[in-house]
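Quick note: residue numbers are just sequence positions, from 1.
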Amino acid sequence: LEATETQLFAFFNSDYELNIRFFDLLILALLNSPVTGRMEMIKNLWDESGKGNRKETHVNMFNDLIEHFNIDNKALIQQHDTWQKLAGYNLFMLASLNRKNYYVLLGIMAATEIIDPQSYLKVQQACKRHNMSNWLYRYYSEHSEIDVEHAKGWLTYVIEPIVAENDVKRDVLLGAYLRLKTCNDYYDSLYKYLKTIV
């Protein structure tokens, strides 16, 4: 909440790689998915797609934020490329690209939908403090609302039916745990990094 504008941009820039890949991760989760969970995943994908509006796809929303954020010398800001950041990113890649980790992926995806809204509300408060246009940070404002519904949907229509019919509870819980652990490590490293930026 106390971030300077430069720190806020550095925060967005650090989140870039994973946020613009989330659509692809949903596609990979949808492939050969259990029938009980498909409609929720498709609903999630529809929202990521901007509900049919190309300008409002979540990738475009995030690109607009990075491109139109009004600070000088963006290119001079040192990148946040720590092992903690790479570990979180690679966790998604490992689980989504190897089908033996499919139920781990579902735990990762569900945990992501659950934890994002509260942190995104704080991001919005920081944006408002800097008098940023609502349009510019709409990626975060939209996700702080729709991810509440997605979290309920993933638990109710994806996780619960799959766990009820298959012996995969440990894989799902492992995925959720690994997401929480890598996310915690990432934010700790990100906080230290942001403190080095004036």
Check your understanding: Could you state the interatomic distance from NZ (Lys128) to CD (Gln124), rounded to the nearest 0.5 Å?
Key -> 5.5 Å
Review point. Hey, does Arg179 have a side-chain heavy atom less than 4.5 Å from the side chain of Phe92?
Key: yes
Check your understanding: Have Thr182 and Asp185 got a donor and an acceptor in their side chains that come within less than 3.5 Å?
Key -> no
Check your understanding: Would Ser133 and His68 count as having a side-chain donor-acceptor pair, cut-off 3.5 Å?
Key -> no
Point to revise | Flag for Asn44-Trp154: side-chain donor and acceptor within less than 3.5 Å | key: yes
Point to revise | Side chains of Tyr193 and Asp81, donor plus acceptor under 3.5 Å | key: no
Review point. Got a sec, which residues hit side-chain hydrogen bond (donor to acceptor under 3.5 Å, both in side chains) with Asn134, two or more places apart in sequence or on another chain?
Key: Tyr137
Practice item. Identify whether the distance between the nearest side-chain nitrogen and carboxylate oxygen of Arg129 and Glu2 falls below 4.0 Å. Key: no
Review point. Salt bridge check: are Lys43 and Glu149 linked by an N-O gap of less than 4.0 Å?
Key: no
Review point. What do you reckon, are the aromatic ring centroids of Tyr157 and His150 less than 6.0 Å apart?
Key: no
Practice item. Give a yes or no on whether a salt bridge exists between Lys192 and Asp188, defined as a side-chain N under 4.0 angstrom from a carboxylate O. Key: no
Check your understanding: Can a donor-acceptor pair be found between the side chains of Tyr16 and Asn63 at a distance below 3.5 Å?
Key -> yes
Check your understanding: Is a side-chain donor-acceptor pair under 3.5 Å present for His58 with Glu48?
Key -> yes
Check your understanding: Regarding Asn19 and Tyr139, is there a side-chain donor-to-acceptor distance under 3.5 Å anywhere?
Key -> yes
